[in-house]
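A, B, ... follow the sequence lines: proteins, then strands. Residue 1 opens every chain.
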Amino acid sequence: MQKLPSSFYSRRTLTIAKSLLGKIFIRKIGKKILSGKIVEVEAYLYNDPACHAYRGMTERNKVMFNEGGHLYVYFTYGIHYCANIVTNKKGIGEAVLIRAVEPIGGIDVMMKNRFGKSDRHLEGDGHLKNLTNGPAKFAQAFGLTKKQNGVSLLGNEIFITDGEKISPSRIVATTRIGISVAQEKKWRFYIKESPWVSKR
DNA sequence: TCCACGATCGGCT
DNA sequence: GCCGATCGTGGAG
């Protein structure tokens with residue numbers, strides 16, 4: 001499958017958010033290849049009070065001001081990491097949060113990253129569905145931490161490829177989760193009826 | 001320098 | 001359904 005080019009990431013953030021659904025997020029770790037189909041995202045725009053970049057550039061959010069096509073990973077609640085795709089042109093400060101993926105390859109590694117082991121019995125539906133159905137769960141399963149903050153998605157370690165084409169009628173737009181401002185904006189997008197979308 | 005709080009998750013009631 | 005964990009960040013002073 002084709003790696004998405006820089007032109008994919010330099011468009012309008014809301015356009016990118018919707019077109020990321022169905023694409024394949026890939027991380028290579030040594031010989032292992034972790035992959036998952038993106039099923040749920042949220043968009044964060046520069047003039048949006050819920051966006052980390054809303055108040056301008058800081059030490060934490062400076063990666064968001066790169067040109068689209070970089071990974072922005074941040075630490076929150078003293079425990080979790082969340083991973084975003086930086087979007088739009090250099091200096092703007094926008095991103096798309098990956099909220100959930102459908103695991104495809106490297107499930108044994110994801111199991112180990114999430115639960116500390118990869119025994120076959122853990123691959124029962126309970127644990128499998130709980131693997132990547134949330135932003136911090138996805139980051140943990142794919143081993144994304146501050147070390148990956150700022151990585152280019154045009155390189156060979158972490159990138160996104162073409163996947164399933166999702167028709168507009170299968171895309172649901174709703175309000176974003178877990179924010180205290182700009183709660184009216186319907187900038188959370190997910191694939192209708194996907195079992196891998198986060199709860200709530 | 002200080003301190004309130006967060007783009008969450010999992011365990012407990 | 002609710003609540004606690006746990007700490008880096010940044011806005012306030």
Next item on the list: Please check the phosphate of dG6(B) (OP1 and OP2 only) for any side-chain N or O of R60(A) closer than 4.0 Å.
Entry: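 False: R60(A) side-chain N/O out of range (4.0 Å or more) of dG6(B) OP1/OP2.
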Check: OP1 or OP2 of dG10(B) less than 4.0 angstrom from a side-chain nitrogen or oxygen of K137(A), does that happen here?
Finding: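 Yes, because at least one side-chain N or O of K137(A) sits under 4.0 Å from OP1 or OP2 of dG10(B).
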Next item on the list: Could you work out which one of dA7(B), dG11(C), dG10(B) sits closest to the side chain of I179(A)?
Entry: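 So the nucleotide nearest the side chain must be dA7(B).
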Check: Which nucleotide in the set dG6(B), dG11(C), dC9(B) lies at the smallest distance from any side-chain heavy atom of R55(A)?
Finding: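 The answer is dG11(C), which lies nearest to the side chain.
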Check: Is atom CZ of F75(A) surrounded by more than 12 heavy atoms (other residues, nucleotides or ligands) closer than 6.0 Å?
Finding: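 Enclosed.
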Next item on the list: Give a yes or no answer on whether the side chain of R176(A) reaches the backbone of W187(A) with a donor-acceptor pair at less than 3.5 Å.
Entry: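 Flag not set: sc R176(A) to bb W187(A) has no pair under 3.5 Å.
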Check: Ignoring hydrogens and geometry, is there a side-chain-to-backbone donor-acceptor pair from N84(A) to I98(A) under 3.5 Å?
Finding: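 No; judged by distance alone, with no hydrogens or angles, the pair does not exist.
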Next item on the list: Compute the centroid of each ring, for F25(A) and then for F142(A), and state whether the two points are separated by less than 6.0 Å.
Entry: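 Judged by ring-centre distance (under 6.0 Å), F25(A) and F142(A) do meet the cut-off.
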Note to self: Nearest whole Å is fine: how far is dA7(B) C1' from E40(A) CD?
What the structure shows: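 The answer, rounded to whole Å, is 11 Å.
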Checklist line | N130(A) CG to dT8(B) P, straight-line distance once rounded to whole Å | finding: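 Rounded to the whole Å, the gap is 15 Å.
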Checklist line | Near-strand residues of residues 74-87 of chain A, defined as heavy-atom separation under 4.0 angstrom from DNA chain C | finding: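 By residue number: F75(A), Y77(A), G78(A), I79(A).
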Checklist line | Among K186(A), K185(A), R99(A), the one residue meeting salt bridge (charged side-chain N to carboxylate O under 4.0 Å, His left out) with E42(A) | finding: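 Single pass found, and it is R99(A).
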Next item on the list: Searching all strands shown, indicate the nucleotide that pairs with dT1(B) (Watson-Crick or G-U wobble; both distances under 3.5 Å).
Entry: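 Its partner is dA12(C) (Watson-Crick or G-U wobble, both distances under 3.5 Å).
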Item checked: Counterpart base for dT6(C), defined by Watson-Crick or G-U wobble contacts under 3.5 Å ->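 Across any shown strand, dT6(C) pairs with none.
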Notebook entry, point to check: In terms of side-chain geometry, is the basic nitrogen of E67(A) or K89(A) positioned less than 4.0 Å from the acidic oxygen of its partner?
Noted result: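 So E67(A) does not pair with K89(A) through a salt bridge.
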